[in-house]
Visitor: 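Let me give you the structure first, and then I'll get to my questions.
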Amino acid sequence: YVDNKPIENHFDTEGDIPARTALSDKISKDLKKHGFKFIGSTIIYAYMQAIGIVNDHVKSCHLYKA
C-alpha cells in the first residue's frame with residue numbers, strides 16, 4: 001500500500017492528527033472483502049501508526065524528524 005516507504009506527516013498539534021484516512025478506509029475495505037469482521041478504518045489507522053507505516057509525531061515532539 002505504501003511501496004515500502006512510511007508516510008511522513010507534518011502536524012502542528014495532536015488535534016490535527018486524523019483518526020482515519022482514505023488509505024485506512026481502503027485497507028479496511030480490502031480486509032473485509034477477505035472475511036475480516038471487526039476491522040474498521042480507525043483500528044487500521046492506529047495499527048498503521050503502531051507498526052510505522054505512518055509517522056504522526058507532531059513537529060514539537062523530540063521524535064519528529066523533518
Side-chain angles (χ1 to χ4, degrees):
Y1 292 99
V2 295
D3 294 327
N4 297 315
K5 295 179 184 178
I7 298 168
E8 300 286 341
N9 290 320
H10 308 283
F11 297 116
D12 292 318
T13 66
E14 291 179 14
D16 295 337
I17 301 171
R20 56 188 269 205
T21 62
L23 179 57
S24 66
D25 290 345
K26 180 181 178 183
I27 294 171
S28 174
K29 286 179 185 177
D30 286 349
L31 289 172
K32 286 180 181 178
K33 287 179 187 175
H34 286 90
F36 286 78
K37 303 254 187 239
F38 300 104
I39 198 80
S41 184
T42 302
I43 292 170
I44 292 298
Y45 194 70
Y47 184 69
M48 290 167 60
Q49 290 170 318
I51 64 173
I53 290 177
V54 175
N55 182 358
D56 278 342
H57 290 282
V58 293
K59 291 178 184 176
S60 61
C61 178
H62 71 281
L63 296 173
Y64 176 80
K65 296 176 183 162

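Values below: all heavy atoms of this structure, side chains included; hydrogens, waters and symmetry mates excluded.
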Visitor: Do Ile7 and Tyr64 land in one hydrophobic cluster if side-chain heavy atoms of ILVMFWY residues count as linked below 4.5 Å?
Guide: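 Different clusters.
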Visitor: With sequence neighbours left out, what residues match Glu14 under side-chain hydrogen bond (donor to acceptor under 3.5 Å, both in side chains)?
Guide: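 In terms of side-chain hydrogen bond (donor to acceptor under 3.5 Å, both in side chains), with neighbours along the sequence ignored, Glu14 is linked to no residue.
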Visitor: Who passes salt bridge (charged side-chain N to carboxylate O under 4.0 Å, His left out) against Lys29, sequence neighbours left out?
Guide: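 Partners of Lys29 under the salt bridge (charged side-chain N to carboxylate O under 4.0 Å, His left out) test: none.
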Visitor: First locate atom CE of Met48, then atom OG1 of Thr21, and finally report the distance between them rounded to the nearest 0.5 Å.
Guide: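 Met48 atom CE to Thr21 atom OG1 measures 5.0 Å (nearest 0.5 Å).
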Visitor: Check whether any side-chain heavy atom of Ile17 sits under 4.5 Å from a side-chain heavy atom of Asn9, and report yes or no.
Guide: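 Contact flag for Ile17/Asn9 side chains = no.
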Visitor: Are the side chains of Tyr1 and Ile53 in contact, using a 4.5 Å heavy-atom criterion?
Guide: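 No, their side chains stay 4.5 Å or more apart.
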Visitor: Looking at Lys32 and Lys37, what are the two nearest heavy atoms and their distance?
Guide: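 Heavy atoms only, the tightest pair is CE-O, 4.4 Å.
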Visitor: NZ of Lys59: more than 12 outside heavy atoms within 6.0 angstrom?
Guide: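 Yes, enclosed.
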Visitor: Are Cys61 and Val58 close enough that some pair of their side-chain heavy atoms sits under 4.5 Å apart?
Guide: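 SC-SC contact between Cys61 and Val58 confirmed.
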Visitor: Could you check whether atom OH of Tyr47 has more than 12 heavy atoms from other residues, nucleotides or ligands sitting under 6.0 Å from it?
Guide: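 Counting neighbours around OH of Tyr47, 12 or fewer heavy atoms of other residues, nucleotides or ligands fall under 6.0 Å, so no.
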Visitor: Please examine the side chains of Asp56 and Tyr45, heavy atoms only from C-beta on, and report whether any two atoms are closer than 4.5 Å.
Guide: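 Counting from C-beta outward, Tyr45 and Asp56 do come under 4.5 Å.
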Visitor: Tell me whether Leu63 is reachable from Ile51 by hopping between hydrophobic residues (I, L, V, M, F, W, Y) whose side-chain heavy atoms are closer than 4.5 Å.
Guide: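 No, it is not one cluster - the side chains of Ile51 and Leu63 are not joined through contacts under 4.5 Å.
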Visitor: Any chain of hydrophobic side-chain contacts (each under 4.5 Å) joining Ile43 to Ile27?
Guide: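 Shared cluster, yes.
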Visitor: Any non-hydrogen side-chain atom of Pro6 less than 4.5 Å from a side-chain atom of Asn55?
Guide: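 Contact flag for Pro6/Asn55 side chains = no.
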Visitor: Within the 4.5 Å heavy-atom criterion, are Val2 and Leu23 side-chain neighbours or not?
Guide: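 Yes, close enough: below the 4.5 Å cut-off.
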Visitor: So, does Ser24 use its side chain to make a donor-acceptor pair with the main chain of Thr42 at under 3.5 Å?
Guide: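 It does not hold such a pair.
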Visitor: Establish, from distance only, whether the side-chain atoms of Ser28 and Asp25 form a donor-acceptor pair under 3.5 Å.
Guide: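 Not at all, the side chains of Ser28 and Asp25 share no donor-acceptor pair under 3.5 Å.
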